[in-house]
Asks: 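Okay, here's the structure, questions in a sec.
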Protein chains: 2
Amino acid sequence: MRIGELSKRTGVATRMLRYYEEQGLISPRRSHNGYRDYDDYLVDRVQKIRGLIDSGIPTRIIGNILPCLGKPQVIVVEDADPELREILAEERDRMTEKIRFLTHNRDAIDSYLDALDQAMTGSRAQAS
Amino acid sequence: MRIGELSKRTGVATRMLRYYEEQGLISPRRSHNGYRDYDDYLVDRVQKIRGLIDSGIPTRIIGNILPCLGKPQVIVVEDADPELREILAEERDRMTEKIRFLTHNRDAIDSYLDALDQAMTGSRAQAS
DNA sequence: ATTGACCCTCACATTAATGAAAAGGTTGAT
DNA sequence: ATCAACCTTTTCATTAATGTGAGGGTCAAT
């Protein structure tokens, strides 16, 4: 498919799709005319990329993470770059930290909201 | 304490401490000479700010979140700004989404690492 | 009173992720 | 063959979070 359709299907602006390509995250083929030609599986990948970016993972790191996600892992396992393993393990740990942190603070916000709601129970009020 | 010490204690660059101030996230007193003078409790707050920023929450939003974190919540409950409640609820939901996503992908990376390790079990190898 | 380690403000530079517009080629339907 | 809709590349702009340096006070110790 071409960039416009991929954009519609993923909700990611064409500008960004080109940007991800520039960052080496996706490499669509080109048709005779020069138009980018995307495979179907890239819909999925682009959505993953978006999610990772929205989670605060920089593109530079996403490049390393992508090969691990939802693929027949046996294929890639052979490389076993000594450094890459380290990078991945570190990133995993960073993510775990982030998760811990986010969970903690999300819960704090949540109970604050509960407190708010309870505080105005006197005035017969709403829910989340 | 002065900015240098706060920086050392939190691991956050002085430049950033001034930036957070500019963004209205902290408001240290000034001593006679004009030096910023930070209370002890700000060590904690600064660390929270860092964590939130590292989690991809923009400072603009952190300002709203801060009052909910680890404080005697009764104090703030009175305001009950109708819009603020919405903002907070939305942010909480965004955070929940982020947590879900991060967890999912962290697990993917993790099992990829497991696969890597198993793949080189033949060559007598390491752990995470 | 000078030195060194702090602090101040101001301001310009940089990086990542985007937005946006200019100038032009491709395609498909009429 | 022309028009609209889509594609291309290039370039410049913007925002958030930072780095960095200039130019200059403060202060404690020597």
Side-chain angles (χ1 to χ4, degrees), chain A residues 1-39 42-43 45-66 87 91 94-95 98 101-102, chain B residues 1-39 42-43 45-66 87 91 94-95 98 101-102:
Chain A
M1 86 197 70
R2 289 180 304 178
I3 201 171
E5 190 183 344
L6 181 59
S7 173
K8 264 173 213 150
R9 284 221 232 163
T10 58
V12 174
T14 60
R15 173 69 174 84
M16 286 301 102
L17 294 173
R18 299 200 184 94
Y19 177 66
Y20 300 156
E21 181 176 349
E22 189 185 314
Q23 302 301 306
L25 302 181
I26 46 181
S27 316
R29 263 171 287 101
R30 296 303 182 118
S31 345
H32 62 89
N33 49 17
Y35 288 13
R36 291 170 177 78
D37 187 17
Y38 298 89
D39 289 326
L42 289 175
V43 173
R45 172 181 286 222
V46 166
Q47 281 164 342
K48 264 169 196 156
I49 293 173
R50 272 269 29 118
L52 288 168
I53 285 178
D54 288 345
S55 302
I57 316 271
T59 56
R60 157 182 39 96
I61 289 176
I62 295 180
N64 296 320
I65 290 181
L66 276 181
I87 294 176
E91 193 53 30
R94 244 189 304 279
M95 285 170 88
K98 231 177 227 185
F101 197 90
L102 278 173
Chain B
M1 85 196 71
R2 290 179 302 175
I3 201 170
E5 191 184 342
L6 182 58
S7 173
K8 263 173 214 151
R9 285 222 232 163
T10 58
V12 174
T14 60
R15 172 68 172 87
M16 286 301 102
L17 295 172
R18 300 201 184 94
Y19 176 66
Y20 300 156
E21 180 176 349
E22 187 185 316
Q23 301 302 305
L25 301 182
I26 46 182
S27 315
R29 263 171 288 100
R30 297 301 183 119
S31 346
H32 62 91
N33 49 16
Y35 289 11
R36 290 171 177 80
D37 187 17
Y38 299 89
D39 289 326
L42 289 175
V43 173
R45 171 180 285 223
V46 167
Q47 280 164 343
K48 264 169 195 157
I49 293 174
R50 271 269 30 115
L52 288 168
I53 285 179
D54 287 344
S55 303
I57 317 271
T59 57
R60 157 181 40 96
I61 288 177
I62 295 180
N64 297 319
I65 291 181
L66 276 180
I87 294 176
E91 193 54 29
R94 243 190 304 280
M95 287 169 87
K98 233 175 225 186
F101 197 91
L102 278 172

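Just so it is clear: chains get the letters A, B, ... in the order the sequence lines come, proteins before strands, and each one is counted from 1.
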Asks: Of A13(A) and G4(B), whose closest DNA chain C nucleotide lies nearer the 5' terminus?
Replies: G4(B)
Asks: Let me know the distance between CD of E5(B) and P of dC6(C), rounded to the nearest Å.
Replies: 11 Å
Asks: What is the minimum heavy-atom distance between F101(B) and L52(A), and which atoms define it?
Replies: CE2-N, 3.4 Å
Asks: Please round to the nearest 0.5 Å and tell me the distance separating atom CE of M16(A) and atom CD of Q23(A).
Replies: 9.5 Å
Asks: Tell me whether the OP1 or OP2 atom of dT8(D) has a side-chain N or O from R36(A) closer than 4.0 Å.
Replies: yes
Asks: May I ask you to verify if any side-chain N or O of N33(A) is less than 4.0 angstrom from the OP1 or OP2 atom of dT27(C)?
Replies: yes
Asks: Would you say Y38(B) and V46(B) make side-chain contact, with heavy atoms under 4.5 Å?
Replies: no
Asks: With no hydrogens and no angle check, is any side-chain donor or acceptor of R45(B) less than 3.5 Å from a backbone partner on L25(B)?
Replies: yes
Asks: According to the side chain to side chain donor-acceptor pair (under 3.5 Å) rule, which pairs have a member within residues 6-15 of chain A, sequence neighbours left out?
Replies: E5(A)-R9(A)
Asks: Would you mind telling me which of dT8(D), dT9(C), dC7(C) lies closest to the side-chain atoms of I3(A)?
Replies: dT8(D)
Asks: Which pair of heavy atoms, one from D39(B) and one from M1(B), lies closest together, and at what distance?
Replies: O-CE, 3.9 Å
Asks: Might you work through the side-chain contact (heavy atoms from CB on, under 4.5 Å) test for K98(A) and K98(B), ending with a clear yes or no?
Replies: CA-CA 10 Å; K98(A) 231 177 227 185; K98(B) 233 175 225 186; over 6 Å; no
Asks: Within residues 15-22 of chain A, which residues have any heavy atom lying less than 4.0 Å from an atom of DNA chain C?
Replies: R15(A), M16(A), Y19(A), Y20(A)
Asks: Please compare I62(B) and R2(B) by the position of their nearest nucleotide in DNA chain D and report the one closer to 5'.
Replies: I62(B)
Asks: What's the spacing between R50(A) CZ and I62(A) CD1 if we round to 0.5 Å?
Replies: 8.5 Å
Asks: When you measure from the side-chain N and O atoms of H32(A) to the phosphate of dT27(C), is any distance below 4.0 Å, counting only OP1 and OP2?
Replies: yes
Asks: Where along residues 50-60 of chain A does a heavy atom fall under 4.0 Å from DNA chain C?
Replies: R50(A), I53(A), P58(A), T59(A)
Asks: For E21(B), is there an ion pair with R30(B) - N to carboxylate O distance below 4.0 angstrom?
Replies: yes
Asks: What is the distance, to the nearest angstrom, from the CG atom on D37(B) to the P atom on dC7(C)?
Replies: 12 Å
Asks: Rounded to the Å, how far apart are Y35(B) OH and dA5(C) C1'?
Replies: 9 Å
